[in-house]
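Reviewing the structure listed below.
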There are 2 protein chains.
Amino acid sequence: MPTTTAAQRREQARADYDAFLRECPTNQLLGRLSDKWVSLVVAALAPGPMRYSDLGRKIAGVSPKMLTQTLRTLERDGIISRTVTPSVPVRVDYALTPLGTSLAGLLTAVKAWAETHFDDVRAARETYDTENPA
Amino acid sequence: MPTTTAAQRREQARADYDAFLRECPTNQLLGRLSDKWVSLVVAALAPGPMRYSDLGRKIAGVSPKMLTQTLRTLERDGIISRTVTPSVPVRVDYALTPLGTSLAGLLTAVKAWAETHFDDVRAARETYDTENPA
DNA sequence: GAGAGCTACTATCCATTGGTAAGTAATTAC
DNA sequence: GTAATTACTTACCAATGGATAGTAGCTCTC
């Protein structure tokens with residue numbers, strides 16, 4: 001066994017994991033899905049199609065910029081569809097694709113977890129803050 | 001019915017939804033869970049406990065700053081536990097709590113979705129980019 | 001026909017966040 | 001005394017995200 005310095009070993013480990021990262025698209029896609037607005041938009045569309053301004057009103061706190069940005073990337077990823085009706089004024093409907101529907105099931109499960117376990121989390125926070133005063 | 005300007009109505013709608021946001025803790029917690037590093041850390045800990053540096057090596061691309069930050073908030077939220085062994089050098093183990101384990105099941109499901117559907121997403125992206133040239 | 005209003009966005013500016021890289025503490029090994 | 005270990009901080013800077021205002025195209029009202 002040849003002697004390797006710690007620096008060499010660290011560099012080797014880094015190279016291995018960088019390669020792993022490049023070859024494994026899961027992390028990238030998971031990072032994409034792990035977005036605040038993505039989960040909210042998908043959850044909002046789960047019951048049925050919605051218009052742009054309805055989404056903006058339903059998802060409290062989203063800016064038009066982020067709403068448009070999120071909708072565009074979700075459309076590009078084939079998770080939602082965008083339908084323009086050239087009436088006056090223009091009407092744009094967004095809906096989940098079959099792919100998006102399969103994802104929505106999981107994300108609403110996470111949402112449901114957040115709902116049922118929020119009290120546990122809040123209790124944990126209070127305990128933590130009591131034990132670790134600022 | 002008194003006349004209301006559009007500005008007034010917009011302000012009213014904003015106030016309503018801000019109130020809704022404040023009363024509904026789900027959105028806040030969901031936003032917390034919808035974090036790139038949160039899902040990666042929970043997924044990494046799902047098989048079993050891990051040390052700080054092991055997590056840093058397993059999760060490619062995470063900086064010590066973000067790793068510490070993510071671990072702290074997850075500990076505060078009662079999702080992971082932190083155990084310090086005062087050896088030399090110090091050894092710190094992180095593990096999922098029962099609460100964290102219940103969440104891990106959902107997040108690994110999302111991870112599995114990303115794995116199985118990545119080809120669909122990539123195909124959708126190619127189609128989109130062909131139809132919408134820069 | 002002038003102004004307000006509707007929808008679905010862009011554009012701009014600025015505060016916050018996140019990444020990079022270097023430093024720290026306490027101790028052992030050489 | 002120098003290097004190495006682990007588990008972090010800290011400082012700096014680029015990039016992201018949020019608030020706000022503006023735009024286009026048409027209609028409706030007065």
Side-chain angles (χ1 to χ4, degrees), chain A residues 3-11 13-14 17-18 21 27 31-32 34-41 49-75 80-94 132, chain B residues 3-15 17-18 21 27-28 31-32 34-41 49-75 80-95 132:
Chain A
T3 43
T4 51
T5 65
Q8 281 175 323
R9 260 174 281 134
R10 241 180 287 124
E11 198 174 351
R14 171 178 292 267
Y17 282 108
D18 279 354
L21 185 65
N27 286 355
R32 183 67 72 82
S34 298
D35 178 78
K36 186 183 174 187
W37 301 124
V38 164
S39 45
L40 287 172
V41 165
M50 272 201 163
R51 301 174 57 180
Y52 178 87
S53 52
D54 290 335
L55 283 169
R57 259 174 256 122
K58 173 151 189 172
I59 303 172
V62 70
S63 64
K65 173 185 166 185
M66 287 314 295
L67 184 54
T68 302
Q69 202 174 100
T70 306
L71 290 169
R72 285 292 135 78
T73 61
L74 287 178
E75 187 197 357
I80 63 173
S81 65
R82 181 174 182 270
T83 313
V84 179
T85 308
S87 60
V88 171
V90 187
R91 174 197 174 99
V92 182
D93 286 277
Y94 292 95
N132 306 45
Chain B
T3 43
T4 52
T5 66
Q8 280 175 325
R9 261 173 280 134
R10 241 180 285 123
E11 198 175 351
Q12 183 57 38
R14 169 180 295 267
Y17 283 108
D18 279 355
L21 185 66
N27 287 354
Q28 301 166 31
R32 183 67 71 82
S34 298
D35 179 77
K36 186 183 174 185
W37 302 124
V38 164
S39 45
L40 287 172
V41 164
M50 272 202 163
R51 300 174 57 180
Y52 179 87
S53 52
D54 289 336
L55 282 169
R57 257 174 257 120
K58 173 150 188 171
I59 303 173
V62 70
S63 64
K65 174 185 165 185
M66 286 315 294
L67 185 54
T68 301
Q69 204 175 99
T70 306
L71 291 168
R72 285 290 136 77
T73 60
L74 287 178
E75 186 197 358
I80 64 173
S81 65
R82 181 173 182 269
T83 312
V84 179
T85 308
S87 61
V88 171
V90 186
R91 174 197 175 98
V92 181
D93 286 277
Y94 292 94
N132 306 45

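Bear in mind that the values here come from a model prediction, so they are computed numbers and not experimental data. All chains are named by letter (A, B, ...) in the order of the sequence lines, taking the proteins before the strands, and each is independently numbered beginning at 1.
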[Y] backbone acceptor or donor facing [X] side chain under 3.5 Å:
| X | Y | answer |
| --- | --- | --- |
| Y52(A) | Y94(A) | no |
| S63(B) | M66(B) | yes |
| T85(B) | S87(B) | no |

Are any of [X]'s side-chain N or O atoms less than 4.0 Å away from OP1 or OP2 of [N]?
| X | N | value |
| --- | --- | --- |
| R72(A) | dT10(C) | yes |
| Y52(B) | dT9(D) | no |
| W37(A) | dG18(D) | yes |
| R91(B) | dA7(D) | no |

What is the separation between atom [atom1] on [X] and atom [atom2] on [N], rounded to the nearest whole Å?
| X | N | atom1 | atom2 | result |
| --- | --- | --- | --- | --- |
| M66(B) | dT20(C) | CE | C1' | 13 Å |
| L71(B) | dT9(D) | CG | C1' | 15 Å |
| K36(A) | dG17(D) | NZ | P | 10 Å |
| M50(A) | dT7(C) | CE | C1' | 16 Å |
| L67(A) | dT7(C) | CG | P | 14 Å |
| R82(A) | dC9(C) | CZ | P | 4 Å |
| R51(A) | dC6(C) | CZ | P | 13 Å |
| D54(A) | dT7(C) | CG | C1' | 11 Å |

P89(A) or P64(A), whichever maps to the more 5' nucleotide of DNA chain D: P64(A)
Along DNA chain C (nearest heavy atom to each residue), the more 5'-positioned of K65(A) and V92(A): V92(A)
Any luck finding a side-chain donor-acceptor pair between S39(B) and S34(A) under 3.5 Å? yes
K58(B) side, atom NZ; L67(B) side, atom CG - distance, nearest 0.5 Å: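 Between atom NZ of K58(B) and atom CG of L67(B) there are 13.0 Å.
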Just to be sure I understand the rule, does S53(A) reach a base, reach only the sugar-phosphate, or reach nothing, if contact means heavy atoms closer than 4.0 Å?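 Sugar-phosphate, no base atom in range.
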